[in-house]
Amino acid sequence: MTVWIGRRPTIVINDPVIAVELMEKRSNIYSSRPRMVIMGELGTNNDGILTMPYGEKWRKHRRLLHMGLMTKALNTYKPIQELESKRMVWDMVRTPAKYESHLDRYSTSVVVLVDYGKRVDSPEDPLVKNVLTAMQHAAMLNVPGKFLAETFPILSKVPAFLAPWKQAILDRRVQGRAFFGGLADTVKAKMDKGEAPESFTKHLWEKRSEFPMSDMEFSFLSSALFGAGSDTTASTLASFILACTAFGHEWIPKAHEELDRVIGRDRTPSFADQKDLPYIDAVVKETLRWRPVAVLGGTPHANTEDDYYNGYLIPKGSTILGNLWGIHLNEQYFPDPHHFYPDRYLDPNRPDYPHPAGHSAFGWGRRVCPGEGLALNSLFMTIARFLWGFNVAKAKDANGKDIDVDIFDYTDGFNTRPRPFLCSITPRGPEFVEIIKREAEEADRELREKYINDDEL
Ligand code: HEM
């Protein structure tokens, strides 16, 4: 489907085969981003990877991200995910109604620990507040139609003293640089004292002379993880809880059977168990398929040369959207697509899908999400541990009747999550609570000893 926005065609892809054909097989020309005057050029000087056009600068950022998130590095981060998920399930025991806040704290703490080696103990942490403010600002810059300069880029050249809206964006850019640069500098100071735990920003400092870049680029790259990794993971987990509430009576018993058989009831699952838990793996995949957080495939791609597909011209500079809502809910590949049904991933006769994972939640080609491995580890660990310890059902009203949930009630925007809903999350029994509590206390001690817990960052 093609939509014309101004003079630029926007091509919306609703079929996974076409998405792979263009954005993977022809990724040499489909890996740029459309011109983003407000969020890219004015907001970050295109120093942030999300909006960066394809080219040398992007390749340098991408290589550093790749090195910092490859399998070896991911293994050093697994203990963080194990420890924080132990705390997360204990939070669920104590205040299950605040499930969303526990998922947000977990996801933010993991990403900030990986990024800077600092722990987030509470959603009230000032670091989280500052990060949220920065993210809300970025989201505001991305609202279609909000800024005339997006349609008429010439307006972005008006001197800032004549255009208060432009001055405000430039001021925020300076503040962002000061905030994120300050975080990176603190990591450096800790490194100089020999006190910095392993982190992505530490890795960037170690590589700084090999990969020269401006201070602005450095601070944006060091903060790329929580901009892109915190809300996405938490929103996916919120969809998982919604799927548990709406359809859990059909499939949670199968997950419990597998967990009881493989793990037993005297410890919670760990990464070492992953290879023996195919049903949990199917639950993770089905969550990513059923309600993809990046509902339109994340930031759009753009082609850097004219191209033809099926006889149609795709002019250079077109905006290309991999519409994950259309792709993941395409009946041809996923029969009864709105039904959350993990078993579809265990069916040897399921329809062929042009990606080995069986979904495209992390995007395509050279622009594919560099945080995929980290995100998958987080999803496996939290989902396995949560299902091991809990039952989920619909909440009851005053008359004891089930309160239905609306599986379509989602927030608007490029990244979506379910709007708050009621559900009943209960531990499977007192022996489960005892183990969850004991493991959380041990995890808390370890997190305090090994990572930065103070307010220095
Ligand atoms: C469930 C969690 C996540 C989902 C579903 C997700 C999904 C996506 C998608 C769809 C894209 C766009 C891909 C494309 O353009 O083809 C993307 C880009 C990106 N993601 Fe993720 N992501 C997740 C978690 C993370 C995490 C944990 C990190 C960092 C540690 C991360 C870092 C990034 C970055 C830096 C980009 C931009 C890459 C570029 O433009 O070259 N993401 N993600």
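Note that ligands are numbered from 1 as they come in the structure, with each ligand's atoms numbered from 1 the same way. Since this is a predicted model, take the numbers as computed values, not measurements.
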> Where does Arg62 meet ligand 1, judged by heavy-atom distances below 4.0 Å: at the side chain, the backbone, both, or neither?
Replying inline: side chain

>> With a heavy-atom distance limit of 4.0 Å, tell me whether Thr299 approaches ligand 1 through its side chain, its backbone, both, or neither.
In response: backbone

>> Please find the pair of heavy atoms, one from Ser199 and one from Tyr116, that lie closest to each other, and give the distance.
In response: CB-C, 3.7 Å

> Which atom names give the shortest non-hydrogen contact between Asp47 and Lys57, and what distance separates them?
Replying inline: OD1-NZ, 2.6 Å

>> Around atom 21 (Fe) of ligand 1, how many protein N, O or S atoms are found at less than 2.8 Å?
In response: 1

Starting from [atom], find the nearest protein heavy-atom neighbour and note its residue, name and distance.
atom                    : result
atom 39 (C) of ligand 1 : Arg367 NE, 3.4 Å
atom 7 (C) of ligand 1  : Ala361 O, 3.5 Å
atom 16 (O) of ligand 1 : His301 NE2, 2.7 Å
atom 37 (C) of ligand 1 : Leu50 CD1, 3.3 Å

If the threshold is 4.0 Å, N to carboxylate O, is there a salt bridge linking [X] and [Y]?
X      : Y      : value
Glu84  : Arg87  : no
Glu56  : Lys60  : no
Asp125 : Arg119 : no

>> Pairs of nitrogen or oxygen atoms closer than 3.5 Å, one from Thr236 and one from ligand 1: do any exist?
In response: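 No, there is no polar N/O contact under 3.5 Å.
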
Report, in ascending order of atom number, the atoms of ligand 1 lying under 4.0 Å from any heavy atom of [X].
X      : answer
Val293 : 5 (C)
Ile49  : 35 (C), 39 (C), 40 (O), 41 (O)
Leu374 : 30 (C)
Gly297 : 10 (C), 12 (C)
Trp364 : 16 (O)

> Is it true that Arg33 lies under 4.0 Å from ligand 1, counting heavy atoms only?
Replying inline: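 In this structure, Arg33 qualifies as a contact of ligand 1 - some heavy atom is under 4.0 Å.
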
> Any heavy atom of Trp58 sitting closer than 4.0 Å to ligand 1?
Replying inline: yes

>> If you take the centroid of each ring, where Trp contributes its six-membered ring, are Trp290 and Tyr341 closer together than 6.0 Å?
In response: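 When the ring centroids of Tyr341 and Trp290 are compared, they turn out to be at least 6.0 Å apart.
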
>> A side-chain contact here means heavy atoms from C-beta on lying under 4.5 Å apart; do Arg350 and Tyr333 qualify?
In response: no

> Can you tell me if CG on Asp352 sees more than 12 non-hydrogen neighbours from other groups inside 6.0 Å?
Replying inline: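 Atom CG in Asp352 is not crowded, with 12 or fewer foreign heavy atoms closer than 6.0 Å.
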
> Should the heavy atoms of other residues, nucleotides or ligands under 6.0 Å from OH of Tyr312 be counted, would the total exceed 12?
Replying inline: no

> Would you say Arg33's side chain and Thr299's backbone share a donor-acceptor pair under 3.5 angstrom?
Replying inline: yes

>> Against Tyr106, only a single residue in Ser101, Ser85, Ser378 fulfils side chain to side chain donor-acceptor pair (under 3.5 Å); can you say which?
In response: Ser378

>> Parallel, tilted or perpendicular, judged at 30° and 60°: which one describes the rings of His338 and Trp325?
In response: tilted

> Which of parallel (below 30°), tilted (30 to 60°) and perpendicular (above 60°) describes Phe240 and Trp251?
Replying inline: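 The rings of Phe240 and Trp251 sit tilted, inter-plane angle from 30° to 60°.
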
